[in-house]
Each structure stands twice: as C-alpha cells, then as structure tokens.
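Take a look at the structure set out below.
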Amino acid sequence: MAPGHVAYGLRAQYGLATTPDIVVAWERGRLAPTAQELTALAGVLWCAPGDLIAAATTLREHRVARGIGADDLARRVGLDAAGYLRMEESGRWRGNERQTAALAEALGLGPRALLQATGRDEELAGLLRDAATTRWQAYVRPVVKLLPLPKRTLEPALQRLHADYHARMAATSSWGASGASGDSGREYLDGIVQHFWDAVGS
C-alpha cells in the first residue's frame, strides 16, 4: 500500500488524522507511532502489531507486540494502570521481585530481554562489577531482585565472575608483570555483563 492509502485507511477506519508524510516517517524510523496508532496501522495493513515492530526492546513495544492493553498488563503484574504507564513511559521499571517475575511471564520475556525492556542494564552492570571486585555473596539477593533467575543459577555465576576477575588481577600484580598492571582487570569489568550471560548459560 502506498503511504496515501495507509493514511486514508487510518483516517477512515480509525479516525486518526494521519498524513502520508507521517506514514513515511514511521516507515523510515524518523517517528514512532503511539500504541493507538500502531494498533490502527496493523488493522489497516491486516497484520498483528508485533509484525510491525522489528525487534521489541521497550516494555511498550513488547506489550503492544503481544496485543495486551496497559490496563490488563498492569492488573496481571499487580499494579494500578497509572503507575504502570508511568514506568512504561519513563523506560524505568520500579516493580518488586514478584511483579518483575509476573511481568516477564505476561510478556514472555527471558532474562536478557526483561533486563533491556525494564531499563536495568546499567544497574546490573554495576552490581556485577561490585560482585566481581568485592564479596560476591553480598550481591546474590540484589541480582535476584533484577532478574527472575534462581539463586542456584546466580550463585555459581557470580562466584565465577569473582574468581575470573581476581585471577586476572593476581596475574598482573605478580613480580614479573608489565607496567599495565590493571588493564586486564579493567577489560574484564568492561565486558562484565557478557561474562555474566556466558556464566549463566543464557
């Protein structure tokens, strides 16, 4: 369909004042349609909203791709709709452990996708850096709060991060080490999130 036909369908079928220029901007990624526009666009194009999203990364994109309303998802995870929408719009999830697990289940998200959708990537990276450089045992509970993974999976992963980091640091602090004593450890910490996913097998 040409952009003009799509814009006409959105106006005629859904009452949305959308111009062909806006449709072109959506196609080229210069603008993003709202949830209402995306649903209407899917109706005009006779497809599911998820078919129009290349790879869902945000909570809103995952929710819309699965055809779940914000009110329904909020109810499933145990939040009021306004509170859920604030988190969705800010890109920052503030739910508790139970709500996070319910969110992952409702949206069918694995640990990596959940972390990205909830905007907690950097928070996890900080916890993992601290677990690798200090006592890893103190970070099991905070990581469990971020990710719906069992402790029996997390504990060996954090222990491995800790051991790998300290092995690198011990190797660079030996008598015959070169002047770049902390480079190996810093490089390890820079890739700590990937090392974590490798350790948990995800």
Side-chain angles (χ1 to χ4, degrees), residues 1-125 143-150 193-194 196-197 200-202:
M1 289 178 96
H5 294 117
V6 173
Y8 174 78
L10 290 169
R11 193 171 37 259
Q13 295 174 28
Y14 296 94
L16 297 176
T18 306
T19 65
D21 292 337
I22 291 175
V23 173
V24 170
W26 290 341
E27 288 177 349
R28 296 189 178 156
R30 289 192 310 248
L31 286 177
T34 65
Q36 179 187 12
E37 291 167 336
L38 186 64
T39 303
L41 185 60
V44 168
L45 297 175
W46 289 73
C47 65
D51 295 339
L52 299 175
I53 299 172
T57 57
T58 66
L59 284 177
R60 176 182 159 269
E61 289 171 351
H62 283 288
R63 178 180 58 76
V64 170
R66 283 158 185 76
I68 303 171
D71 293 345
D72 186 33
L73 184 57
R75 196 171 26 263
R76 287 187 198 184
V77 300
L79 291 168
D80 65 287
Y84 171 77
L85 282 172
R86 274 193 306 277
M87 287 188 260
E88 187 177 273
E89 290 166 5
S90 72
R92 194 78 180 111
W93 177 251
R94 301 258 185 243
N96 63 31
E97 206 174 319
R98 184 192 58 75
Q99 291 167 329
T100 302
L103 178 73
E105 184 179 328
L107 295 178
L109 301 177
R112 279 188 186 203
L114 175 67
L115 195 68
Q116 183 180 30
T118 56
R120 291 177 154 179
D121 305 50
E122 282 306 311
E123 188 176 350
L124 177 67
V143 174
V144 166
K145 285 184 177 183
L146 288 181
L147 296 171
L149 290 172
V193 175
Q194 186 56 49
F196 171 74
W197 293 123
V200 297
S202 177

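Quick caveat, the model's predicted, so the values are computed rather than measured.
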Hey, could you give me the [atom1]/[atom2] distance between [X] and [Y], rounded to the nearest 0.5 Å?
X    : Y    : atom1 : atom2 : value
L115 : F196 : CG    : CZ    : 8.5 Å
W93  : L79  : CH2   : CG    : 5.0 Å
L59  : Q116 : CG    : CD    : 10.5 Å
T57  : H62  : OG1   : NE2   : 6.5 Å
T118 : R94  : OG1   : CZ    : 10.5 Å
L124 : R112 : CG    : CZ    : 11.0 Å

Hey, is the main chain of [Y] close enough, under 3.5 Å, to the side chain of [X] for a donor-acceptor pair?
X   : Y   : value
R11 : T18 : yes
R60 : E89 : no
E88 : Y84 : no
Q99 : N96 : yes

Practice prompt. Could you tell me which residues satisfy side chain to side chain donor-acceptor pair (under 3.5 Å) with D21, sequence neighbours excluded, listed by chain and number?
Written response: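 Counting only residues at least two positions away or on another chain, D21 forms no side chain to side chain donor-acceptor pair (under 3.5 Å).
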Within a reach of under 6.0 Å around [atom1] of [X], are more than 12 heavy atoms found that belong to other residues, nucleotides or ligands?
X    : atom1 : value
E105 : CD    : no
E122 : CD    : no
Y8   : OH    : no
E27  : CD    : yes

Of all the heavy-atom pairs spanning [X] and [Y], show the shortest one and how long it is.
X    : Y    : result
A70  : L85  : CB-CD2, 3.6 Å
P3   : V24  : CG-CG2, 3.6 Å
A7   : T19  : CB-C, 3.7 Å
A74  : A81  : CB-CA, 3.7 Å
A106 : I68  : O-CD1, 3.6 Å
A104 : P148 : CB-CG, 4.2 Å

Between side-chain atoms of residues 37-47 and protein atoms elsewhere (two or more places apart, or another chain), which donor-acceptor pairs fall under 3.5 Å?
unit_1: E37; atom_1: OE1; unit_2: T34; atom_2: N; d: 2.8
unit_1: E37; atom_1: OE1; unit_2: T34; atom_2: OG1; d: 3.4
unit_1: T39; atom_1: OG1; unit_2: A35; atom_2: O; d: 2.9

Worksheet item: Do T100 and R120 come close enough that some side-chain heavy atom pair is under 4.5 Å?
Response: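 When only atoms from C-beta onward are counted, R120 and T100 do touch, with a gap below 4.5 Å.
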Worksheet item: For L107 and L73, what are the C-alpha separation, side-chain angles and deciding distance, and is it a side-chain contact (heavy atoms from CB on, under 4.5 Å)?
Response: CA-CA 9 Å; L107 295 178; L73 184 57; 4.0 Å; yes
Item to complete: May I ask you to decide whether D71 forms a salt bridge with R75, counting only side-chain N to carboxylate O separations under 4.0 Å?
Response: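 No salt bridge links D71 with R75.
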Fill in: Lys/Arg N to Asp/Glu carboxylate O, K145 vs E123, below 4.0 Å
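Judged by the 4.0 Å cut-off on N to carboxylate O distance, K145 and E123 do not form a salt bridge.
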